[in-house]
2 protein chains.
Amino acid sequence: MNRKLPDKTVERLSQYRRALLNYKSSGKHHIFSHEIANLLHITAVQVRRDIMLIGYTGTLRQGYDVQDLIDIIGKIIDTKEGQKVAVVGIGNLGRAIMGYFSGKRTRLTITAAFDSNPEKVNRIYAGIPCYHIEKLTEIIRNEGISIAVISVPGEFAEKVAQDLVMAGIKGVLNFSPKPLNMPSHVYLQEFDMLTILEKVAYFVKKS
Amino acid sequence: MNRKLPDKTVERLSQYRRALLNYKSSGKHHIFSHEIANLLHITAVQVRRDIMLIGYTGTLRQGYDVQDLIDIIGKIIDTKEGQKVAVVGIGNLGRAIMGYFSGKRTRLTITAAFDSNPEKVNRIYAGIPCYHIEKLTEIIRNEGISIAVISVPGEFAEKVAQDLVMAGIKGVLNFSPKPLNMPSHVYLQEFDMLTILEKVAYFVKKS
DNA sequence: ATAACATTGTTATTAAAATAACAGTAATTT
DNA sequence: AAATTACTGTTATTTTAATAACAATGTTAT
Ligand SMILES: NC(=O)c1ccc[n+]([C@@H]2O[C@H](COP(=O)([O-])OP(=O)(O)OC[C@H]3O[C@@H](n4cnc5c(N)ncnc54)[C@H](O)[C@@H]3O)[C@@H](O)[C@H]2O)c1
Ligand SMILES: NC(=O)c1ccc[n+]([C@@H]2O[C@H](COP(=O)([O-])OP(=O)(O)OC[C@H]3O[C@@H](n4cnc5c(N)ncnc54)[C@H](O)[C@@H]3O)[C@@H](O)[C@H]2O)c1
């Protein structure tokens with residue numbers, strides 16, 4: 001529970017929880033590993049192994065208690081107070097992300113957006129205030145924002161990333177096509193749509 | 001060159017190419033592995049190993065010929081005719097994706113969009129026609145579209161995926177939060193923003 | 001009561017990816 | 001000319017992730 005879990009296990013835990021919350025609303029209280037596996041289209045062994053890693057145990061007769069499992073995953077992923085997220089770059093992608101999160105009930109809350117375009121600042125997008133990029137450090141520090149999503153054009157991504165680090169951010173999700181370099185105490189996740197689609201194209205070609 | 005390359009190598013090749021195209025515009029014709037590595041913030045060994053896998057060799061004195069490397073990566077990733085891509089679900093995310101691609105010069109071309117909302121169909125978004133979802137099979141077959149991006153709400157994703165498979169699609173990039181199941185001849189890549197942000201949150205918490 | 005079954009939890013094995021080690025080589029320095 | 005340097009290309013090792021194997025256990029069927 002205290003030891004760091006594998007990257008991929010954490011991703012699946014997030015998905016288990018989401019699937020379980022949905023499953024729970026159908027009124028069932030228990031679930032078997034192979035049922036969870038079916039929801040995610042993975043194997044039951046993978047599910048049991050992940051659950052073993054988080055130290056939870058089910059029962060032979062009924063499998064896992066749905067609510068218990070949801071709670072335990074919550075204890076692993078969430079913090080008590082929740083974590084605050086900022087979105088930097090309120091273009092098409094930034095706004096899509098904010099719209100997507102505005103509906104969600106999660107312990108991750110987007111509480112601030114930043115842009116350099118004067119026409120975008122001091123407005124509210126999906127319920128979230130957009131500040132001028134110059135306020136970045138101040139607001140991130142004051143609000144205790146620990147995670148940032150970068151969705152500015154590539155040429156500005158590096159500067160934004162540096163400022164985020166200086167402001168004390170601890171985790172970054174970078175959607176810009178510019179590969180970033182972060183100090184080791186900042187967790188960096190990058191996702192590039194063109195790269196990923198070109199990968200799909202390669203495997204389509206090969207198949 | 002013919003043998004299937006590792007997943008992660010293909011992703012990096014796409015990034016190498018993009019970085020090299022940019023590097024080329026600075027007028028330089030040759031590049032060393034450690035220079036490529038610096039552009040992507042990875043190690044030079046990783047770069048050389050990837051390049052070894054694609055069967056290209058540089059020279060001791062000058063490193064790699066930039067244009068040659070770009071061309072060889074192109075031969076690996078691209079098809080001669082290019083590949084056509086469809087986007088299904090023209091909401092905030094779908095439109096952001098279309099806007100993002102409309103500027104790019106790539107052998108991947110988004111040629112059709114689909115939606116179920118009558119107000120969205122028969123309009124042009126970022127230069128791409130949006131058809132009613134009922135035309136999916138017809139248009140995908142007629143146009144020879146081989147790759148699809150799914151950006152419909154989770155509850156419709158499964159149906160869309162089935163229809164795409166029936167229509168003969170060969171690769172899918174799924175942004176909906178619903179995990180999909182594909183026959184083995186269809187390459188599936190999933191990306192879920194909430195999962196990935198929760199993973200970032202976990203590692204932020206742990207650090 | 002015993003055998004067959006279905007399930008969990010764990011260890012063992014395999015596969016994929018990253019990293020390290022190092023041999024080879026041309027140019028440069030001593 | 002020998003040693004040094006700065007690279008590439010390849011093999012070896014380590015790390016991470018996935019898969020397989022199987023022991024343990026309560027349940028059901030015979
Ligand atoms: N749209 C997509 O689906 C998509 C997909 C993958 C990657 N991306 C990448 O994400 C980024 C954003 O994409 P987009 O489509 O939203 O682009 P966009 O041009 O619509 O939006 C970019 C926004 O960033 C703002 N901005 C520019 N410089 C800034 C700075 N220094 N500080 C703060 N804000 C700044 C701009 O004012 C604009 O609002 C780009 O790097 C793009 O390559 C987009
Ligand atoms: N916005 C984001 O950044 C984001 C991020 C991650 C994931 N997602 C996921 O991507 C999907 C789309 O997100 P969005 O923000 O664009 O949502 P959205 O509601 O803005 O758009 C969804 C679109 O899909 C269309 N649609 C619905 N049913 C359809 C069907 N059967 N066939 C064709 N089209 C159909 C709707 O008419 C609408 O235009 C959702 O599943 C969402 O969970 C969005």
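Proteins come first, then strands; the chains are lettered A, B, ... in the order of their sequence lines, and each starts at number 1. Quantities reported herein were computed from a predicted structural model and do not represent experimental measurements.
Using a 4.0 Å heavy-atom criterion, one finds that A:Thr9 contacts no nucleic acid atom at all.
With DNA chain D read from its 5' end, the first of the two nearest nucleotides for A:Lys8 and A:Leu60 is the one closest to A:Lys8.
The side chain of A:Arg61 places no N or O atom within less than 4.0 Å of a non-bridging phosphate oxygen (OP1 or OP2) of D:dG26. A:Arg12 has a side-chain polar atom (N or O) that falls below the 4.0 Å cut-off from OP1 or OP2 of D:dA18.
One interatomic measurement links the two molecules: CG of B:Asp7 to P of D:dT16, which rounds to 19 Å at whole-angstrom precision. The interatomic distance linking B:Ile54 (CD1) with D:dT10 (C1') rounds to 15 Å, in whole Å. Taking atom CG on B:Leu53 and atom P on D:dG9, their separation rounds to 12 Å, with Å as the unit. Atom CG in B:Asp50 sits roughly 14 Å away from atom P in D:dT10 (whole-Å rounding). We find that CE of A:Met52 is positioned 18 Å from P of D:dC22, with the value rounded to whole Å. Rounded to whole Å, the distance from CG on B:Leu69 to P on D:dG9 is 10 Å. Look at CZ on B:Arg49: it is 14 Å from P on D:dT13, rounded to the nearest Å.
Looking at B:Val204 and A:Thr79, their side chains never come closer than 4.5 Å, going by heavy atoms from C-beta outward. At least one side-chain heavy atom of A:Ile133 sits less than 4.5 Å from a side-chain heavy atom of A:Val88. By the 4.5 Å heavy-atom criterion applied to side chains, A:Phe191 and A:Ile196 are counted as neighbours.
B:Ile145 pairs in a side chain to side chain contact (heavy atoms under 4.5 Å, CB included) with only one of the listed residues (B:Thr111, B:Thr109, B:Leu136), which is B:Thr111.
Between A:Lys75 and A:Asp71 there is no salt bridge, since none of the side-chain N atoms of the basic residue sits less than 4.0 Å from a carboxylate O of the acidic one.
Against DNA chain C, the stretch residues 26-47 of chain A makes heavy-atom approaches under 4.0 Å through A:Phe32, A:Ser33, A:His34.
Note that the first and last nucleotides of DNA chain C, 5' to 3', having any atom under 4.0 angstrom from a heavy atom of chain A are C:dT7 to C:dA12.
Side chains of B:Gln67 and B:Lys24: a donor-acceptor N/O pair is present below 3.5 angstrom, by distance only.
Taking CD of B:Gln15 as the reference point, atom CG of B:Leu20 lies at 11.5 Å (rounded to 0.5 Å).
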Validation: residues 25-33 of chain B side-chain donor-acceptor distances under 3.5 Å, sequence neighbours left out:
from	atom 1	to	atom 2	distance (Å)
B:Ser25	OG	B:Asn22	O	2.6
B:Ser26	OG	B:Tyr23	O	2.6
B:Ser33	OG	B:Arg48	NH1	3.2

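Heavy atoms of other residues, nucleotides or ligands lying less than 6.0 angstrom from CE of B:Met52 number more than 12.
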